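Below is one structure, written out as structure tokens; comments come after it.
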Amino acid sequence: MRKIILTGFILAVITTKTFAVRPFITDDAAVIGHRQFQLETWTLFDRDASEHWIMWAYGPIENLEVAIGALWGRDRVNRELSFAVPLLEAKYLFRPYQSGRGPGIAASAGTFLPWGRGDFREDYFGAYGIFMLTQAFGRDESILIHGNLGVNFLDTERRRDRFIPFWGLGTQIRTFGGLHLVGEVISGDPYVPGTGLAYHVGLRHFVSDYFQLDLTFGDGIRGREQMPFWFGFGVRLVLDPARNRSR
């Protein structure tokens, strides 16, 4: 799912953690931090459509992150503009991860309200919950392993489709400088309920401690709604107003 917007922010500062964020589907056991803002925006292309996503997140307290997002794009056949708003999410960190210690633990819950237009708009209310583990290895947390387990709830008339489990197993490995290899195997996506088993690989580059770029591709392996081959790119920026004012 995916991205468009950039330019003009490179004055702020963020945390030095290497987060597993979109377009990586498997989430990490980490939050952005107290009174920090995060912008994620990503773009995805496949044979059916182009999708553009944007997510704003904020840390009202040290262990909590709240986010709001939107999706829009075009169907490749009839070129119809579609959009869905808003995606609402909250994430709580129970324990941070650190090399040489046990895994980080976090959980999140969210909902995509049935507001919008076209194919991206759902006809029913939906929600999801995710439990996350992240284990760090190596010096400066050079290798991260992420595990997710969750479930979607869809308020549909088809009872067999009301609860849809999903899971993800992913990794991020530093190669040299700010360049990282990322990869995951997922079964389902909390933002797109019902997708099947798929793989997703690519590159993540930390231009600085506060600015990140992603380039990835993936393909469905099997499932009732097997995902088509896709590629995408993403941008992440975290702002720390309090630190800026202190300069």
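Side chains included, hydrogens not; waters and symmetry mates left out as well; all remaining heavy atoms used. Since we're looking at a predicted model, the values are computed, not measured.
- For F94, the ring-ring contact (aromatic ring centres under 6.0 Å, His included) criterion is met by Y92, not counting sequence neighbours.
- Listed by chain and number, the residues in a side-chain hydrogen bond (donor to acceptor under 3.5 Å, both in side chains) with R117 amount to none (sequence neighbours excluded).
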Per-pair distances, 0.1 Å, donor-acceptor, side chain in residues 126-140, under 3.5 Å, sequence neighbours excluded:
residue	atom	partner	partner atom	Å
Y128	OH	E89	OE2	2.4
T134	OG1	A29	N	2.9
T134	OG1	H146	ND1	2.9
Q135	NE2	R101	O	2.9

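- In this structure, F120 has its ring center no closer than 6.0 Å to that of F83.
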- Stepwise, does the side chain to side chain contact (heavy atoms under 4.5 Å, CB included) test hold for V235 with L213? CA-CA 5 Å; V235 176; L213 301 171; 3.9 Å; yes

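- Remark: of the listed residues T171, T26, N148, T26 is the sole one forming a side chain to side chain donor-acceptor pair (under 3.5 Å) with E184.
- Going from atom CD1 of I105 over to atom OH of Y97 covers 14.0 Å, rounded to the nearest 0.5 Å.
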- Task: Could you check L197 against I186 for side chain to side chain contact (heavy atoms under 4.5 Å, CB included), going step by step and ending with a plain yes or no?
- Result: CA-CA 6 Å; L197 187 67; I186 57 114; over 6 Å; no

- Query: Are N152 and F163 close enough, and set up right, to give a side chain to side chain contact (heavy atoms under 4.5 Å, CB included), and what steps lead you there?
  - Reply: CA-CA 6 Å; N152 282 99; F163 292 94; over 6 Å; no

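- Distance check, rounded to the nearest 0.5 Å: CD1 of I25 to OG of S187 gives 11.0 Å.
- Put simply, CG on D219 and CH2 on W230 are 7.0 Å apart, with the number rounded to the nearest 0.5 Å.
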- Message: If you apply the rule side chain to side chain contact (heavy atoms under 4.5 Å, CB included), what do you find for D28 with K91, and how did you get there?
- Response: CA-CA 10 Å; D28 66 345; K91 182 178 179 183; 3.1 Å; yes

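- In this structure the side chain of M55 never reaches within 4.5 angstrom of the side chain of R22, judged on heavy atoms.
- The closest side-chain donor-acceptor pair between E40 and Q38 falls under 3.5 angstrom.
- Heavy atoms only, all atoms of each residue included: G234 and P23 are closest at CA-CD, 4.2 Å.
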